[in-house]
Structure formats: structure tokens, C-alpha cells
Amino acid sequence: MPRILLVDDEENIRLLYAEELRDEGYEVTLASDGYKLLERIETESPDIIILDIKLFAYNGLDLLQEIRRKYYNLPVILCSAFDSYKGDIKSMAADNYVVKSSNLAELKEKIKLALDTFIP
């Protein structure tokens, strides 16, 4: 069962996404911020990370850079309420970019694509 680490500071988003993704057969762990994110990646060994850009007290794009430095091949999907970050040079380090929505079809598709690409 693929493991997803979902990082988002909005509790309602975390709960909605976690429920939907668990229904799809994923094991989902949640983080409300970027605090000790690299340590969590080390201990939890997720297969993919879904990362919000605008986190309280953290910048998701900066966290993405930290993740890429240590875990270059770990798939990361940026998930934001704003599509304006899509063109940001730092966003290009992500495997995909999804605009938040209550319809998770696009996110599920991107997760499947990333997992099919990175997990043998």
C-alpha cells in the first residue's frame, strides 16, 4: 500500500484529502506544518508527498527545495489554492502542481502517475 505524507495547514483540507485518499487504498499520514519535515520523511518513508505552498510559518516552496536536496527522487506534488505559483521557478522542482479543489480527480490522477513513474 503506497504511503502518502500530506502537508497542509488547513485541517478541513487534511481531513477531506486523507479520507478520499484512504478510500483509494493509500496509507495517509498528516502534517499540519513543515516542522521537522525532513525527519518525518526519514522515519515514515513516504512514497509521495503532497505539499501545500502557503503554510503557516513555513513556505512550501522552500520546504520543497530542502526535500529535493536530501530526497531527490521522492515524488512531490505541490497543492495550492492559487495557480499563480505554477510559474514560480521553485515550483518547477515539483513533480506536479495541482490547484486545490473539493473534486480530487486531478490530484488522484497525478498521484497515480507519480507513483507509477517512481515506484518499481
Side-chain angles (χ1 to χ4, degrees):
M1 174 182 323
R3 292 178 308 274
I4 296 173
L5 176 56
L6 173 64
V7 185
D8 197 300
D9 59 348
E10 294 180 53
E11 183 177 16
N12 292 336
I13 295 286
R14 284 194 313 271
L15 296 176
L16 170 68
Y17 283 28
E19 182 177 328
E20 290 256 346
L21 294 172
R22 286 178 181 135
D23 286 349
E24 293 288 317
Y26 298 111
E27 181 182 321
V28 181
T29 55
L30 306 173
S32 61
D33 58 37
Y35 181 70
K36 295 193 176 184
L37 186 60
L38 294 180
E39 288 87 345
R40 287 196 66 180
I41 293 169
E42 187 70 33
T43 59
E44 295 174 18
S45 302
D47 296 304
I48 190 168
I49 296 176
I50 300 169
L51 179 62
D52 186 15
I53 293 176
K54 287 207 166 240
L55 297 165
F56 180 76
Y58 291 89
N59 179 318
L61 295 176
D62 292 340
L63 289 169
L64 173 61
Q65 299 303 309
E66 290 179 34
I67 293 166
R68 282 291 176 244
R69 277 196 277 282
K70 190 165 183 182
Y71 303 99
Y72 184 78
N73 290 324
L74 178 62
V76 178
I77 296 175
L78 289 177
C79 196
S80 176
F82 309 97
D83 66 356
S84 57
Y85 290 100
K86 220 175 209 179
D88 189 299
I89 190 89
K90 289 182 179 180
S91 293
M92 293 179 190
D95 296 286
N96 272 297
Y97 187 107
V98 176
V99 177
K100 287 181 185 179
S101 169
S102 59
N103 179 344
L104 301 188
E106 181 183 8
L107 178 61
K108 291 174 186 178
E109 178 185 315
K110 301 293 186 189
I111 290 169
K112 184 175 178 353
L113 179 66
L115 291 174
D116 288 349
T117 302
F118 288 95
I119 296 180

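Quick note: residue numbers are just sequence positions, from 1.
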> At their closest point, which heavy atom of Leu30 faces which heavy atom of Val28, and how far apart are they?
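Heavy-atom minimum between the residues: CD2-CG1, 3.8 Å.
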> Output all residues satisfying salt bridge (Lys or Arg N to Asp or Glu O under 4.0 Å) with Asp33, sequence neighbours left out; order by chain, then residue number.
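Once residues adjacent in sequence are excluded, Asp33 has no partner under the salt bridge (Lys or Arg N to Asp or Glu O under 4.0 Å) criterion.
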> Considering all heavy atoms of both residues, which atom of Gly60 and which atom of Leu51 are nearest to each other, and what is their separation?
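Where Gly60 meets Leu51 most closely, the heavy atoms are O-CD2, 3.3 Å.
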> Any idea which heavy atoms bring Leu64 and Ala94 closest together, and the distance?
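Minimum heavy-atom contact is CD2-N, 3.7 Å.
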> To the closest 0.5 Å, what do you measure between CD (Glu24) and NZ (Lys112)?
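Atom-to-atom, Glu24:CD and Lys112:NZ are 10.5 Å apart.
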> Is any side-chain heavy atom of Leu61 closer than 4.5 Å to one of Ser91?
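Side-chain contact under 4.5 Å: yes.
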> Given Tyr97 and Ile53, is the side chain to side chain contact (heavy atoms under 4.5 Å, CB included) satisfied, shown in steps?
CA-CA 10 Å; Tyr97 187 107; Ile53 293 176; 3.6 Å; yes
> Can you list everything that forms a side-chain contact (heavy atoms from CB on, under 4.5 Å) with Ser45? Sequence neighbours excluded, please.
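With neighbours one apart ignored, the set is Arg3.
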> Restricting to non-hydrogen atoms, name the atom on Thr29 and the atom on Glu44 that form the minimum distance, rounded to 0.1 Å.
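Smallest heavy-atom distance, with atoms named: OG1-OE1, 3.0 Å.
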> If you look at every heavy atom in Leu63 and Gly34, which pair is closest and at what distance?
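That would be CD1-CA, 3.7 Å.
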> Report the residues that fulfil salt bridge (Lys or Arg N to Asp or Glu O under 4.0 Å) with Glu27, sequence neighbours left out, ordered by chain and then residue number.
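Applying salt bridge (Lys or Arg N to Asp or Glu O under 4.0 Å) to Glu27 gives none.
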> Taking the side chain as every heavy atom from C-beta outward, state whether Ile49 and Ile67 have any pair of such atoms under 4.5 Å apart.
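A side-chain contact exists here, since the closest heavy-atom pair is under 4.5 Å.
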> Measuring from Ser32:OG to Asp8:CG, what's the distance to the nearest 0.5 Å?
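Here the rounded value is 9.5 Å.
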> Please check: side-chain N/O of Asn59 versus main-chain N/O of Asp62, any donor-acceptor pairing under 3.5 Å?
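Indeed, once roles are kept as given, a pair shorter than 3.5 Å links the two residues.
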> Run the salt bridge (charged side-chain N to carboxylate O under 4.0 Å, His left out) check on Lys100 and Glu10 step by step: do they pass?
CA-CA 11 Å; Lys100 287 181 185 179; Glu10 294 180 53; 3.2 Å; yes
> Which residues pass the salt bridge (Lys or Arg N to Asp or Glu O under 4.0 Å) test with Glu19, not counting sequence neighbours?
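Counting only residues at least two positions away or on another chain, Glu19 forms no salt bridge (Lys or Arg N to Asp or Glu O under 4.0 Å).
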> With side chains defined as the heavy atoms from C-beta onward, is the minimum distance between Leu37 and Glu66 less than 4.5 Å?
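When only atoms from C-beta onward are counted, Glu66 and Leu37 do not touch, as no gap falls below 4.5 Å.
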> Just to verify, what does Glu109 make a salt bridge (Lys or Arg N to Asp or Glu O under 4.0 Å) with, not counting sequence neighbours?
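Applying salt bridge (Lys or Arg N to Asp or Glu O under 4.0 Å) to Glu109 gives none.
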> Using a 4.5 Å cut-off on heavy atoms from C-beta on, say whether the side chain of Ile41 contacts that of Pro46.
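Yes, close enough: below the 4.5 Å cut-off.
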> Evaluate the criterion side chain to side chain contact (heavy atoms under 4.5 Å, CB included) for residue pair Tyr17 and Leu104; output intermediate values, then yes/no.
CA-CA 8 Å; Tyr17 283 28; Leu104 301 188; 3.2 Å; yes
> Hey, does Leu5 have a side-chain heavy atom less than 4.5 Å from the side chain of Ile50?
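The answer is no, as the side chains (C-beta and beyond) never meet within the 4.5 Å cut-off.
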> Could I get the full list of side-chain contact (heavy atoms from CB on, under 4.5 Å) partners for Lys36, not counting sequence neighbours?
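Lys36 satisfies side-chain contact (heavy atoms from CB on, under 4.5 Å) with Glu39 once adjacent residues are dropped.
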> Do Leu38 and Tyr71 have side chains that approach each other closer than 4.5 Å (heavy atoms only, starting at C-beta)?
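Yes, their side chains come closer than 4.5 Å.
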> Show the nearest heavy-atom pair for residues Ala93 and Arg68, with the distance to one decimal.
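That closest heavy-atom pairing would be O-NE, 2.8 Å.
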> How many angstroms lie between atom CG of Leu16 and atom OG of Ser101, to the nearest 0.5 angstrom?
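Separation between the atoms: 9.0 Å.
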> For the side chain to side chain contact (heavy atoms under 4.5 Å, CB included) test, which of Leu78, Asn96, Leu115, Ile48 pairs with Lys110?
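Looking at Leu78, Asn96, Leu115, Ile48, the match for Lys110 under the side chain to side chain contact (heavy atoms under 4.5 Å, CB included) is Asn96.
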> Between Arg14 and Asp9, does any side-chain N to carboxylate O distance fall below 4.0 Å?
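Looking at Asp9 together with Arg14, the answer is no, because their closest N to O distance does not fall below 4.0 Å.
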> Is a donor on one side and an acceptor on the other found under 3.5 Å between the side chain of Arg22 and the backbone of Tyr26?
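Absent.
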> If you measure from the Lys or Arg side-chain nitrogens to the Asp or Glu carboxylate oxygens, is any gap between Lys108 and Glu20 under 4.0 Å?
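Glu20 and Lys108: salt-bridged.
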